[in-house]
Amino acid sequence: MLEDLDVLIVGAGPAGSTLAVDLARRGVSTRIIDKSPHGFPGSRAKGIQPRSLEVFEDLGALDDILAAGSPYPPLGIHLGPVRIPKRMSKPAPESDATPYRDTWLIPQFSTDSIIQKQLAPFGVQVEYGTELLGVEQDDSGVTARIAGPSGPEELRARYVVGADGGASLVRKSVGIAFEGQTNEADRMIILDCRIEGLGRNHWHVWPGLGGRFAGACPLPHGDLFQVMIRLQPGEAPDLSDAALNERFRKQTHSGKLRLSDIQWKTVFRPNIRLAARYREGRVFLAGDAAHVHTPMGAQGLNTGIQDAYNLGWKLGQVLAGAPETLLESYEAERQPIAARVLGLSTAKYEALNRLDPASIKRGADEKQLGITYKGGPLASSEAEATTTLQSGDRAPDAKLADQDRTPLRLFDATRGPAFTLFAIGQEARAELAAVTWPENGAGLTRVAIDGTAGEALSLSDPQGSFRSIYGIAADTLILIRPDGYIGEIATHDRIAAINNFASLVAPITA
């Protein structure tokens with residue numbers, strides 16, 4: 001007898017695990033499988049961008065992420081006997097709108113385990129050692145064949161999400177092309193180890209001609225480094241301890257440094273590929289299964305996390321009875337983002353070949369706070385706007401206060417799987433209760449700013465932080481989606497505008 005399941009997730013990396021947490025907190029029946037016998041052991045993708053930190057805060061993982069990581073150290077660029085200190089980016093200015101301003105350093109093995117820790121309260125766990133064998137779909141669901149420790153099994157799911165990496169079997173099974181290139185001659189050794197004779201107060205880089213380089217980034221809360229050694233075309237990647245030490249000394253021109261206690265190692269080939277589409281019927285792609293990048297700029301893991309955060313609430317809503325067309329917005333919103341990220345990371349990787357300083361610079365684009373879905377299927381370019389924001393933009397944070405004048409952040413009000421409707425101005429506050437919202441699916445948290453409105457949460461804007469950041473100049477209703485993006489801004493015909501957006505994203509009521 002086939003198991004009846006809402007969503008099967010294939011792949012338990014950052015994207016798959018994030019999606020599993022988001023679906024589980026929505027009450028969606030979920031299984032997450034991974035063919036690896038255990039969690040990923042290496043540091044690989046080690047940079048968490050500010051937008052992803054906001055996602056982790058919403059999912060309850062932020063405190064552990066911060067505790068397990070650290071700020072990035074300054075670069076130490078070695079040119080012969082000289083080491084030049086340099087920062088990849090200027091410290092971001094403080095702003096009420098942005099609680100996390102800089103990239104956070106944390107090895108991927110820690111990130112994965114912390115995300116998966118959030119599954120325990122929902123009775124979900126990653127099924128390691130369980131491999132997908134194939135999928136077949138029809139109009140009502142997907143039949144998946146899997147093999148795990150207990151043997152082969154068939155299960156029936158309404159949807160399947162492939163988060164199973166660049167070599168995705170899910171993507172191949174449904175015939176989605178993975179367009180782009182892989183340069184087999186361009187390879188890089190990456191390993192986690194100790195380094196005798198090297199200080200831990202810099203991210204050390206030894207540049208060389210033709211893009212050859214070695215790097216050693218100290219990983220937080222221990223004595224391990226992530227070491228990167230770019231190979232020459234045609235060079236055999238000997239991964240023995242002796243060969244790695246010899247190759248590292250050759251690139252660094254230092255006989256004093258010694259690699260020891262090597263805990264993880266791999267040969268990385270930069271892939272630059274994008275899935276032709278993110279969906280085939282009831283099968284979706286997320287993370288590296290949908291897009292792969294060069295390692296420059298710490299973009300791949302973060303883009304995958306936000307794929308999952310975008311897809312999770314939409315699957316939850318459709319499973320609760322929202323229009324099936326809502327799922328079409330996933331590819332429409334996320335694929336252009338991945339295409340831009342591919343361009344960004346590729347340009348920086350090519351700059352590395354030229355020893356161009358631009359290759360190490362990091363700015364607003366990498367932090368992913370400026371990502372917008374405006375002009376997409378859920379944010380018409382003709383929609384209303386404030387003086388600072390449009391529908392589809394990231395919903396910024398702001399400083400508010402509760403009725404006891406206790407400071408409160410806007411993100412405190414939006415945290416959780418619900419939509420949030422803010423009303424500012426007497427007329428808008430009076431309309432909060434008149435907005436209809438179905439009981440099924442994600443709920444609606446109603447928030448009245450600087451006044452009361454029936455059962456709505458009443459908050460104040462004592463310093464004008466909300467008004468300034470959100471560009472409020474008139475009575476306004478602002479609806480924020482569960483993934484922290486603005487769904488609707490309404491200053492005229494406010495109730496009708498919110499109800500119209502609800503018809504796109506909420507379960508249909510009889």
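We count residues from 1, following the sequence as given. Excluded from the calculations below are hydrogen atoms, water molecules and symmetry mates; all remaining heavy atoms, backbone and side chain alike, are included.
Contact check for L479 versus F422: no side-chain heavy atoms found under the 4.5 Å cut-off. Here the side chains of T372 and Y485 are not in contact, with every heavy-atom distance at 4.5 Å or above. Looking at heavy atoms from C-beta onward, W104 lies in side-chain contact with L53 at the 4.5 angstrom threshold. Here the side chains of P207 and I77 are in contact, with some heavy-atom distance below 4.5 Å. Proximity of P220 to P107: side-chain heavy atoms (C-beta onward) are separated by under 4.5 Å at one or more points. Counting heavy atoms from C-beta on, the side chains of L231 and R247 come closer than 4.5 Å. Taking 4.5 Å as the limit, every side-chain heavy atom of T30 sits out of range of all side-chain heavy atoms of D6. By the 4.5 Å heavy-atom criterion applied to side chains, L132 and V160 are not counted as neighbours.
Note on R409 versus D397: salt bridge recorded, some NZ/NE/NH1/NH2 to OD/OE distance being below 4.0 Å. Using a 4.0 Å cut-off between charged nitrogen and carboxylate oxygen, K117 and D112 do not count as a salt-bridge pair. The residues E333 and K314 are annotated as salt-bridged, a charged nitrogen and a carboxylate oxygen being separated by less than 4.0 angstrom. With salt bridges taken as basic N to acidic carboxylate O contacts below 4.0 Å, one links R31 and E127. Salt-bridge annotation for R277 and E280: present, with a side-chain N of the basic residue lying under 4.0 Å from a carboxylate O of the acidic one.
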TODO: May I have the step-by-step check of side chain to side chain donor-acceptor pair (under 3.5 Å) for T303 and Q368, ending in yes or no?
DONE: CA-CA 9 Å; T303 303; Q368 302 194 348; 3.3 Å; yes
- [ ] Decide side-chain contact (heavy atoms from CB on, under 4.5 Å) for R230 and R187; before the verdict, give the C-alpha distance in whole Å, the side-chain angles of both, and the deciding distance to 0.1 Å.
- [x] CA-CA 6 Å; R230 195 176 188 189; R187 293 160 301 161; over 6 Å; no
Open item on the list: If you apply the rule side-chain contact (heavy atoms from CB on, under 4.5 Å), what do you find for V505 with L378, and how did you get there?
Closed with: CA-CA 9 Å; V505 302; L378 301 181; 4.2 Å; yes
- [ ] Check the pair Y72 / W203 against ring pair (Phe, Tyr, Trp, His ring centres under 6.0 Å), numbers first and verdict last.
- [x] CA-CA 8 Å; Y72 268 78; W203 180 352; 5.6 Å; yes
Open item on the list: Assess the residue pair S52 and Q306 against the criterion (side-chain contact (heavy atoms from CB on, under 4.5 Å)); give the C-alpha distance rounded to whole Å, side-chain angles, the decisive distance to 0.1 Å, and a yes or no.
Closed with: CA-CA 7 Å; S52 296; Q306 291 169 65; 3.4 Å; yes
- [ ] Under the side chain to side chain donor-acceptor pair (under 3.5 Å) rule, what do Y373 and R334 come out as? Steps first, then yes or no, please.
- [x] CA-CA 8 Å; Y373 302 136; R334 293 304 303 168; 2.9 Å; yes
TODO: Kindly determine whether Y100 and L369 satisfy side-chain contact (heavy atoms from CB on, under 4.5 Å), including the steps that lead there.
DONE: CA-CA 10 Å; Y100 315 108; L369 293 168; over 6 Å; no
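Judged by the 6.0 Å and 45° rule, R279 forms no cation-pi pair with Y330.
At least one donor-acceptor pair under 3.5 Å links the side chain of Q317 to the backbone N or O of A442. Judged by distance alone, with hydrogens and angles left aside, the side-chain atoms of D164 form a donor-acceptor pair with the main-chain N or O of V170 at under 3.5 Å. For the pair S36 (side chain) and H38 (backbone), a donor-acceptor distance under 3.5 Å is absent. Between the Q125 side chain and the L119 main chain, no donor and acceptor come within less than 3.5 Å of each other. Not one N or O on the side chain of T98 forms a donor-acceptor pair closer than 3.5 Å with the backbone of S95. In terms of modelled atom types and a separation under 3.5 Å, the side chain of S113 and the main chain of F109 share a donor-acceptor contact. No donor-acceptor distance shorter than 3.5 angstrom exists from the side chain of D64 to the backbone of A61, with no hydrogens or angles considered. Judged purely by atom type and a 3.5 angstrom limit, S110 has no side-chain atom pairing as donor or acceptor with the backbone of I106. In this structure, the side chain of D58 engages the main chain of G416 through a donor-acceptor pair within 3.5 Å. Between the side chain of H204 and the backbone N or O of P218 there is no donor-acceptor pair closer than 3.5 Å.
With hydrogens and angles left out, the side-chain atoms of Q118 and S17 include no donor and acceptor closer than 3.5 Å. With 3.5 Å as the limit, one finds no donor-acceptor pair spanning the side chains of T143 and E136. For the residue pair S140/R282, the side-chain donor-acceptor check at 3.5 Å is not satisfied. Side-chain contact, K367 with Q49: no donor N or O sits under 3.5 Å from an acceptor N or O. Using a 3.5 Å distance cut-off with no hydrogens or angles, the side chains of D192 and W264 do not pair a donor with an acceptor. Using a 3.5 Å distance cut-off with no hydrogens or angles, the side chains of K46 and Q108 do not pair a donor with an acceptor.
The two residues P396 and I469 come nearest to each other via the heavy atoms CB-CG2, 3.5 Å. Here the closest heavy-atom approach between residue A68 and residue I114 is recorded as CB-CD1, 3.9 Å. Contact detail for I176 and A276: the closest heavy-atom pair is CG2-N, 4.0 Å. The nearest pair of heavy atoms linking V267 to P237 is CG2-CB, 3.8 Å. Across V161 and A286, no two heavy atoms sit closer than the pair CG1-CB, 4.2 Å. The shortest heavy-atom contact between R394 and L389 is O-CD2, 4.2 Å.
In the displayed structure, D63 atom CG is contacted under 6.0 Å by at most 12 heavy atoms of other residues, nucleotides or ligands. For E324, the CD atom is densely surrounded, since the number of other residues' heavy atoms within 6.0 Å is greater than 12.
Between N310 atom CG and E331 atom CD the span is 11.5 Å, to the nearest 0.5 Å. For the atom pair CG (L244) and NZ (K265), the distance works out to 6.0 Å, reported to the nearest 0.5 Å. In this structure, CD1 on I305 lies 11.5 Å from OH on Y309, to the nearest 0.5 angstrom. From L301, atom CG reaches atom OG1 of T18 across 8.0 Å, with rounding to the nearest 0.5 Å. If you take CG on L285 and CG on L311, they are separated by 10.0 Å, rounding to the nearest 0.5 Å. Remark: R171 CZ to R273 CZ distance equals 8.5 Å, nearest 0.5 Å.
Taking the six-membered ring where tryptophan is involved, the planes of W313 and F419 are perpendicular, since the angle between them exceeds 60° and thus also 30°.
When ring centroids are compared, W206 and F248 come within the 6.0 Å threshold.
Each of L8, V7, L319 was scored for a side chain to side chain contact (heavy atoms under 4.5 Å, CB included) with R158, with one residue passing: L319.
Applying the ring pair (Phe, Tyr, Trp, His ring centres under 6.0 Å) rule to F411 yields no partners; only residues at least two apart in sequence or on another chain are considered.
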